[in-house]
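One structure is given below, encoded as structure tokens.
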Amino acid sequence: MSKIVLIDGHSILNRAFYGVPDLSNAEGLHTNAVYGFLNIMFKILEEENPQYLAVAFDVKEPTFRHEIYKEYKGTRKPMPAELHEQVPVLKDVLKAMGIKIMEKPGLEADDILGTLARRSEKEGMEVALISGDRDLLQIASEHIKIRIPKTKGGKTEIEDYYAADVKARYQVSPLQFIDLKALMGDASDNIPGVPKVGEKTATELMVQFGSLEGIYEHIEEVTKKAVKESLINNKELADLSRILAAINVDGDVEFSYEDAEVHDFYTEEAYKQFKRLEFKNLLSRFEKGPLDNKQADYFKEITDLAQAEEVFERALKLGEGRHAAFDVVEDSGKEEDFVGLCFALDEKEVFFIKAEGFLTKKYMTDKLSGLAGKVKLVTYDVKNKYAYLRTDRTEGLFDILIAAYLLNPLKNDYDPEDIANEHLGLMIPSRAQLFGKERLKKAAQDRAKELTEYACFLAYVEYMAASVLEKKLAETGMDKLMHEIEMPLSYVLHDMEKEGIRVMPEELKRYGDALNGRIEELETDIHKQAGSDFNINSPKQLGEILFEKLGMPGGKKTKTGYSTAADVLDKLAPDYPIVADILEYRGLTKLKSTYADGLAVYIGEGNRIHSTFNQTITATGRISSTEPNLQNIPMRMELGRLIRKVFVPKEGFVFTDADYSQIELRVLAHMSGDDQLIEAYRMDEDIHRITASKVFHTPFEEVTDLQRRNAKAVNFGIVYGISSFGLSQDLSISRKEAAEYIEQYFATYPGVKKFLDKLVEDAKKNGYVTTMFGRRRPVPELSSSNFMQRSFGERVAMNSPIQGTAADIIKVAMIRVWKRLKEENLRSKLILQVHDELLVETASDELSKVEHILKEEMRAAADLAVVLETDMHTGENWYEAK
DNA sequence: ACAATCACG
DNA sequence: ACGTACGTGATTGTT
């Protein structure tokens with residue numbers, strides 16, 4: 001028996017739009033609805049495996065039913081622009097895939113679908129009709145299944161309705177469903193219905209009388225008086241609604257099953273569309289990309305020494321303007337199980353040098369290191385290659401991962417296959433495919449073959465992408481940033497990771513145990529006060545206890561229930577002792593789990609912790625730290641801050657910690673060129689106090705603590721992309737007052753106001769903002785029609801150049817400090833960066849040199865209109881040094 | 001996988 | 001009328 005799938009185009013697109021979070025491609029085109037539509041469609045196709053498929057759309061001209069209804073209630077709500085622009089895109093994609101689109105002026109999609117469903121059923125087919133709204137339930141039969149996708153928490157679940165299911169769910173047959181709908185109406189479908197009759201009453205009436213006609217024949221038997229009256233007074237409306245609600249199943253629809261036959265949708269044209277829309281998940285459905293398969297003929301596996309020698313020899317002789325690409329293959333991603341080295345000398349010669357026999361890891365490492373500095377070498381994720389590439393000379397290196405990040409720092413992933421896709425228009429098999437579950441099932445030989453192929457693709461992509469990315473960096477003015485900052489930094493970060501930081505495990509343990517005592521005490525106390533045992537760490541349970549059982553004021557705040565965030569509890573703490581205990585409990589368990597216990601698992605050789613510093617994560621250009629995150633070790637509260645005492649230098653060393661003093665505000669002063677702000681910094685006095693003095697027209701000496709605190713908050717606010725709401729929240733003042741502060745601030749520093757306005761203006765014009773060093777951040781939110789999104793975009797446009805420039809500066813400082821330490825043959829090592837702070841493990845006898853270097857190089861990292869001051873401390877542990 | 005919370009700059 | 005300060009990562013609980 002053959003089967004046909006019919007899709008209600010607009011309705012599913014609409015569902016997808018609201019069910020899938022906002023996505024847009026590089027052009028700024030919104031794509032979430034199309035993406036969601038395709039996902040639903042593919043899911044259905046997999047489940048149904050039909051012979052025929054067609055998608056129906058409404059045409060723009062008002063249809064018959066709309067015409068009638070207009071007289072009553074005007075037109076439908078217009079679609080949001082973000083959805084509207086996706087309609088033609090979806091149609092293009094479907095056309096590209098060769099999928100039959102049905103639309104006809106004067107017929108609604110419902111009518112086309114209904115007509116076709118009935119016709120197909122008569123032909124003896126099974127029908128699956130996919131729609132987002134329940135209108136089509138009236139079409140359900142034994143052979144026509146209505147499928148309604150629901151997005152629940154990111155997952156798509158589909159409700160299926162045959163005729164019997166409709167009856168089970170709504171107590172009426174599909175045919176009766178029309179009358180039901182006529183009675184109750186449907187706002188989304190512009191069916192007025194009978195006033196006073198909702199779903200419940202309508203169902204009761206239908207069950208009792210069987211049809212609309214039946215109801216009016218027995219109108220006297222209707223028990224509810226108000227309903228009865230409404231029915232009598234609105235008979236015309238009911239009849240009209242009946243017409244509106246009924247789907248035309250006998251429409252004049254031309255349709256050839258031949259056109260709708262399911263075939264291979266993964267065409268060249270569709271591939272292009274998917275690529276343009278950046279649907280990388282969906283691209284994997286294309287078994288092979290447009291990459292010439294003959295390419296694989298150029299891939300060669302090398303297993304003997306002579307051949308390997310020849311390859312390295314040839315690499316060494318590469319002329320000016322040429323480059324080689326290499327990568328390292330490790331079976332499970334660990335250095336121990338090195339499998340081989342892949343190498344691309346040109347696009348037609350890609351080698352995989354397998355680690356066996358004479359071709360040892362050491363041999364290859366030596367050879368590769370020998371090329372460094374002599375040949376331009378390209379790779380992916382260079383920071384993790386320095387173990388094989390023993391050089392800190394980064395001038396000849398090019399990392400396609402970093403390049404791809406610079407070109408668009410907003411992405412979550414920059415897998416080699418993504419880069420191949422985006423910058424080369426190539427499909428390569430993904431590492432996930434190769435290294436996933438599938439691999440285990442395969443015979444060892446096949447695995448080796450795939451491994452070789454993957455490795456070669458990798459080197460090939462690196463080779464090809466390098467020139468493309470290099471060109472794009474030059475075009476976007478980021479070539480200097482790449483070569484003079486990011487590439488050298490990659491080595492510094494590698495070195496910092498390798499060095500690690502020493503901790504005292506026993507002290508850490510003792511700290512954790514001390515916390516534990518108090519935590520247990522608080523736990524029993526809280527349970528006693530609450531009158532029952534519950535999980536204090538569960539916001540859900542906690543919310544119920546506080547706001548229901550104990551009846552505290554403060555109601556709902558989050559989507560899922562009560563907010564129990566600290567700022568909410570802070571307000572309750574003075575009146576309820578239990579809340580104060582909960583806050584203390586929270587603080588202590590945080591310290592215990594994240595820091596005491598959390599850090600302990602990362603302690604390695606020599607009691608050192610080796611964090612990972614990520615160079616391609618943040619939108620602004622900062623680095624981030626993971627496993628463990630050493631950039632969020634407690635500082636603000638004394639109890640937490642104590643944990644810094646377990647971070648200690650090795651024997652004979654001390655810690656020297658230097659941090660920039662208000663680097664972001666100084667960057668703002670420089671970038672805005674505001675005379676007043678620059679002048680304020682030249683005074684070399686407390687900047688917040690000066691600001692307070694100017695903003696509140698108070699003599700410097702007479703500024704109160706409150707005034708200073710407010711001025712400081714405004715200074716912060718400016719850097720974050722000021723909004724009166726945000727400031728009012730921070731200072732617990734009214735929005736009006738906050739707005740006045742801001743106004744006063746701008747009156748004091750008019751250059752800052754001008755600068756911020758210009759940032760937003762330029763961002764709107766260009767679609768991106770840049771730092772002093774040319775780093776870009778796209779701001780797609782600025783073109784959103786959503787007020788909140790757009791406002792966010794404006795704040796981003798104001799904040800990113802400031803935060804990003806500060807990030808650039810400290811990166812430069814890191815490189816300079818690192819170089820000086822090396823050039824002067826010091827044993828002291830840069831081991832940590834915390835955004836505006838550098839930590840050096842300093843040999844005791846080198847202390848004065850290190851202090852000098854830090855101060856000098858951090859200051860010289862950028863030439864600003866104001867001086868880059870640093871605060872520096874030395875100590876026997878991180879607590880003392882900070 | 002995601003939301004809530006909270007640690008840092 | 002909307003409903004937020006900017007940038008991160010880890011842990012815990014819930015789905």
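A, B, ... follow the sequence lines: proteins, then strands. Residue 1 opens every chain. These values consider heavy atoms only, across backbone and side chains, with no hydrogens, waters or symmetry-generated copies. The model shown is predicted, which means the values in this text are computed figures rather than measured ones.
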Under a 3.5 Å threshold, yes or no: a donor from one side chain and an acceptor from the other, between A:Asp381 and A:Asn384?
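There is such a pair between these side chains.
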
Side-chain donor-acceptor pair under 3.5 Å between A:Ser611 and A:Tyr602, yes or no?
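Looking only at side-chain atoms, A:Tyr602 and A:Ser611 do not form any donor-acceptor pair under 3.5 Å.
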
Touch check for [X], heavy atoms < 4.0 angstrom, all strands: base, sugar-phosphate only, or nothing?
X	answer
A:Asn632	base
A:Val719	nothing
A:Glu664	nothing
A:Ala619	sugar-phosphate
A:Ile617	sugar-phosphate
A:Asn537	sugar-phosphate
A:Glu837	nothing
A:Thr618	sugar-phosphate
A:Gly598	sugar-phosphate
A:Ala806	nothing
A:Ala738	nothing
A:Phe792	sugar-phosphate
A:Gln803	base

State whether [X] places a side-chain N or O below 4.0 Å from either non-bridging phosphate oxygen (OP1 or OP2) of [N].
X	N	value
A:Gln833	B:dG9	no
A:Thr564	B:dT5	yes
A:Ser800	C:dC6	no
A:Arg777	C:dG7	yes
A:Arg586	B:dC6	yes
A:Arg795	C:dC6	yes
A:Asn535	C:dG13	yes
A:Thr620	C:dG7	no
A:Thr589	B:dT5	no

I want to confirm an ordering. Mapping A:Val796 and A:Met788 to their closest nucleotides on DNA chain C, which one lands closer to the 5' end?
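Going by which nucleotide is closer to the 5' end, it is A:Met788.
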
Residue met sooner reading DNA chain C from 5', once A:Gln541 and A:Pro409 are mapped to nucleotides:
A:Pro409

Watson-Crick/G-U partner (both atom distances under 3.5 Å) of C:dA1
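By the stated definition (distances under 3.5 Å), nothing pairs with C:dA1.
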
Watson-Crick or G-U wobble mate for B:dT5, both contacts under 3.5 Å
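Across any shown strand, B:dT5 pairs with C:dA10.
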
Of the nucleotides [options], which one has an atom closest to the side chain of [X]?
X	options	value
A:Asn629	C:dT14, C:dG9, B:dA4	C:dG9
A:Lys590	C:dG9, C:dG3, C:dA5	C:dG9
A:Ala566	C:dA5, C:dG9, B:dC6	B:dC6
A:Arg735	C:dA5, C:dA10, C:dG3	C:dG3
A:Tyr720	C:dG9, B:dT5, C:dA5	C:dA5
A:Ala565	B:dC6, C:dG7, C:dT4	B:dC6
A:Ser563	B:dT5, B:dA7, C:dA10	B:dT5
A:His835	B:dG9, C:dC6, C:dT4	B:dG9

Nearest heavy-atom neighbours spanning A:Gly500 and A:Ile831:
O-CG2, 3.6 Å

Give the minimum heavy-atom separation between A:Gly640 and A:Tyr511, together with the two atoms involved.
CA-OH, 3.7 Å

So, are [X] and [Y] salt-bridged, with charged N and O less than 4.0 Å apart?
X	Y	value
A:Lys383	A:Glu497	yes
A:Lys882	A:Glu837	yes
A:Glu664	A:Arg622	yes

When the distance from [atom1] of [X] to [atom2] of [N] is rounded to whole Å, what number comes out?
X	N	atom1	atom2	value
A:Glu794	C:dA5	CD	C1'	13 Å
A:Asp597	C:dA10	CG	P	15 Å
A:Leu668	C:dA5	CG	P	21 Å
A:Glu781	C:dA5	CD	P	15 Å
A:Tyr562	B:dA3	OH	C1'	18 Å
A:Phe716	B:dG9	CZ	C1'	9 Å
A:Ile633	C:dG9	CD1	P	14 Å
A:Leu727	C:dG3	CG	P	21 Å

Quiz item: cation-pi between A:Arg735 and A:Phe725, 6.0 Å / 45°
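Geometry flag: not set, cation outside 6.0 Å or 45°.
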
So, under a plain 3.5 Å distance rule, would you say the side chain of A:Arg636 forms a donor-acceptor pair with the base of B:dG9?
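Donor-acceptor pair under 3.5 Å: yes.
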
What do you reckon, are the aromatic ring centroids of A:Tyr749 and A:Tyr745 less than 6.0 Å apart?
yes

Would you measure the distance from the P atom in B:dA4 across to the matching atom in C:dA5 and give it in whole Å?
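Taking atom P in both B:dA4 and C:dA5, they lie 13 Å apart.
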
Give me the distance, rounded to whole Å, that separates B:dT5 from C:dT4 when you measure between the P atoms they each carry.
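The same atom, P, in both gives a distance of 14 Å.
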
